[in-house]
Amino acid sequence: MILKRLLTAPALYAVAGALLAAGLLLAFLYAPTDTSSMGFSQKIFYYHAPIAECALLAFGIAFVAAILYLRSNDPKYDVLGMVAIRLGLLFSLLVMATGMIWGRAAWGVWWAWEPRLTTFLIVCLLYTAYFVLRQTVEEESRRATFAALFAIIAFVDVPITFFATRFMPAGLHPVVFGRGGGMPGSDLLAFFVSMIGMTLLLIAMLRQELAVEHLKEDLYHLKNRIGA
Amino acid sequence: MTLAEAVKYVAAAYAIIVIVFVAYSMFSARRISALQRELQVLEEAVDKSAKRLGGE
């Protein structure tokens with residue numbers, strides 16, 4: 001019961017907001033300023049990377065929802081997939097915007113055709129096409145089936161984007177963890193606090209969007225029943 | 001790049017994030033209140049017709 005109450009959207013928003021504020025304070029007051037060519041502009045990273053991870057996570061949720069829909073034909077998975085992709089695109093928009101600003105500050109260019117940026121742009125275009133597809137099919141179950149198939153195919157680009165910096169190290173993007181680079185330990189705390197905060201924000205938004213979609217559905221059925 | 005220039009870029013990036021999330025929450029709140037209004041209208045319509053049926 002307590003856990004259920006803690007997982008409500010307002011509670012999640014409050015915890016996410018507190019963690020994001022703490023992450024920002026840690027990023028600016030605790031984490032040292034980058035001494036490489038990036039300098040102070042590296043501070044963008046503490047929200048930029050968590051937002052990117054959340055965008056990919058949202059697309060991952062849509063991928064799982066698509067598989068579950070195709071297995072069960074339950075419309076709730078179609079709604080979950082649609083909502084996850086909508087939020088994934090919102091987060092992607094922020095990644096692109098903050099990434100371009102960071103690129104201009106660190107590399108001197110707004111855009112570079114390097115592996116991570118290019119694959120991320122393809123992800124954005126693919127998931128935008130998902131909504132175009134949904135608009136073109138009128139019949140509900142056919143629309144949900146096509147959308148699920150499309151979400152599965154589009155997801156192929158997500159791991160490519162995630163691992164682009166490892167598979168193709170010639171790009172401009174740094175590797176955050178593991179072999180081939182990595183962040184110093186003093187930066188990790190700010191990053192992880194922001195990462196958890198951003199993930200909770202995504203979950204809160206997802207829950208809220210799902211509640212709205214269910215309310216819309218209930219209203220639609222109620223209208224049909226009373227002939228309004 | 002000087003520190004002053006870098007600060008401008010960092011501020012712009014964080015401002016965009018805040019603006020997008022605030023805009024999203026405003027849009028979401030408007031959508032929810034519109035749905036709630038619609039639900040209220042429907043509930044009133046249901047109540048009225050229930051009363052009418054009860055009176056007949």
Side-chain angles (χ1 to χ4, degrees), chain A residues 9 13 16-17 20 24 27-28 33-34 37-48 50-51 86-87 90-91 93-108 110 194 198 201 204-205 208-209 211-228, chain B:
Chain A
Y13 274 124
L20 286 171
L24 204 59
F28 283 94
T33 302
D34 190 76
S37 60
M38 290 192 199
F40 188 75
S41 69
Q42 186 267 347
K43 299 286 181 196
I44 295 172
F45 165 83
Y46 296 99
Y47 270 18
H48 170 79
I51 291 171
R86 192 191 294 157
L87 290 176
L90 179 77
F91 277 72
L93 178 82
L94 280 174
V95 176
M96 300 297 272
T98 55
M100 283 171 81
I101 293 170
W102 191 9
R104 179 74 180 86
W107 309 325
W110 292 104
S194 301
M198 203 58 79
L201 182 66
M205 289 164 85
Q208 188 178 320
E209 288 284 321
V212 168
E213 289 301 323
H214 289 145
L215 183 60
K216 273 163 79 174
E217 208 174 305
D218 289 347
L219 274 171
Y220 176 77
H221 291 304
L222 188 62
K223 273 182 186 173
N224 278 352
R225 270 174 57 191
I226 63 171
Chain B
M1 175 170 289
T2 64
L3 180 66
E5 280 175 321
V7 167
K8 280 181 196 166
Y9 283 111
V10 173
Y14 280 99
I16 285 175
I17 294 168
V18 172
I19 288 167
V20 168
F21 281 134
V22 168
Y24 164 81
S25 40
M26 283 171 67
F27 169 75
S28 199
R30 277 183 64 178
R31 211 160 42 130
I32 290 168
S33 63
L35 285 170
Q36 280 171 339
R37 269 199 309 273
E38 208 175 332
L39 187 67
Q40 202 179 344
V41 169
L42 282 172
E43 277 174 349
E44 281 168 10
V46 169
D47 280 350
K48 271 183 194 169
S49 66
K51 274 180 194 167
R52 214 174 36 233
L53 285 171
E56 281 172 6

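Chain letters run A, B, ... following the sequence lines, proteins first, then strands; residues in each count from 1. Note that the structure is predicted; figures quoted are calculated from it, not measured.
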**Q.** Heavy-atom proximity to chain B below 4.5 Å, by part of A/Met205
**A.** both
Q. How far does CZ of B/Arg31 sit from NZ of A/Lys216, to the nearest 0.5 angstrom?
A. 5.5 Å
Q. Which residue pairs pass the side chain to side chain donor-acceptor pair (under 3.5 Å) test when at least one of the two sits in residues 40-50 of chain B, sequence neighbours left out?
A. none
Q: Select one option (side chain, backbone, both, neither) describing which atoms of B/Ile32 are under 4.5 Å from chain A's heavy atoms.
A: side chain
Q. Rounded to the nearest 0.5 Å, how far does CD1 of B/Ile16 lie from CE of A/Met100?
A. 9.5 Å
Q: Would you please indicate yes or no on a ring centroid separation below 6.0 angstrom for B/Tyr14 and A/Phe28?
A: yes
**Q.** Residues B/Glu5, A/Arg104: salt bridge by 4.0 Å N-O rule
**A.** no
Q: Heavy-atom distances under 4.5 Å only: say whether A/Leu215 touches chain B with side chain, backbone, both or neither.
A: side chain
Q) What residues form a side chain to side chain contact (heavy atoms under 4.5 Å, CB included) with B/Val22, not counting sequence neighbours? A) B/Val18, B/Met26
Q) Are A/Tyr47 and B/Phe21 close enough that their ring centres sit under 6.0 Å apart? A) no
**Q.** B/Val7 versus chain A, the contacting section by heavy-atom distance below 4.5 Å
**A.** both
Q. So, B/Tyr9 side chain and A/Ile44 main chain: donor-acceptor pair closer than 3.5 Å or not?
A. no
Q: For chain B, find which of A/Gln208, A/Lys43, A/Glu209 contributes the most heavy-atom pairs closer than 4.5 angstrom.
A: A/Glu209
Q. Does the pair B/Tyr24 and A/Leu87 meet the rule for a side chain to side chain contact (heavy atoms under 4.5 Å, CB included), with working shown?
A. CA-CA 10 Å; B/Tyr24 164 81; A/Leu87 290 176; 4.2 Å; yes
Q. Which heavy atom of B/Ala6 sits nearest a heavy atom of A/Ser41, and at what distance?
A. CB-N, 4.1 Å
Q | Gap between atom CD1 of B/Ile17 and atom CG of A/Leu93 - 0.5 Å precision | A | 11.0 Å
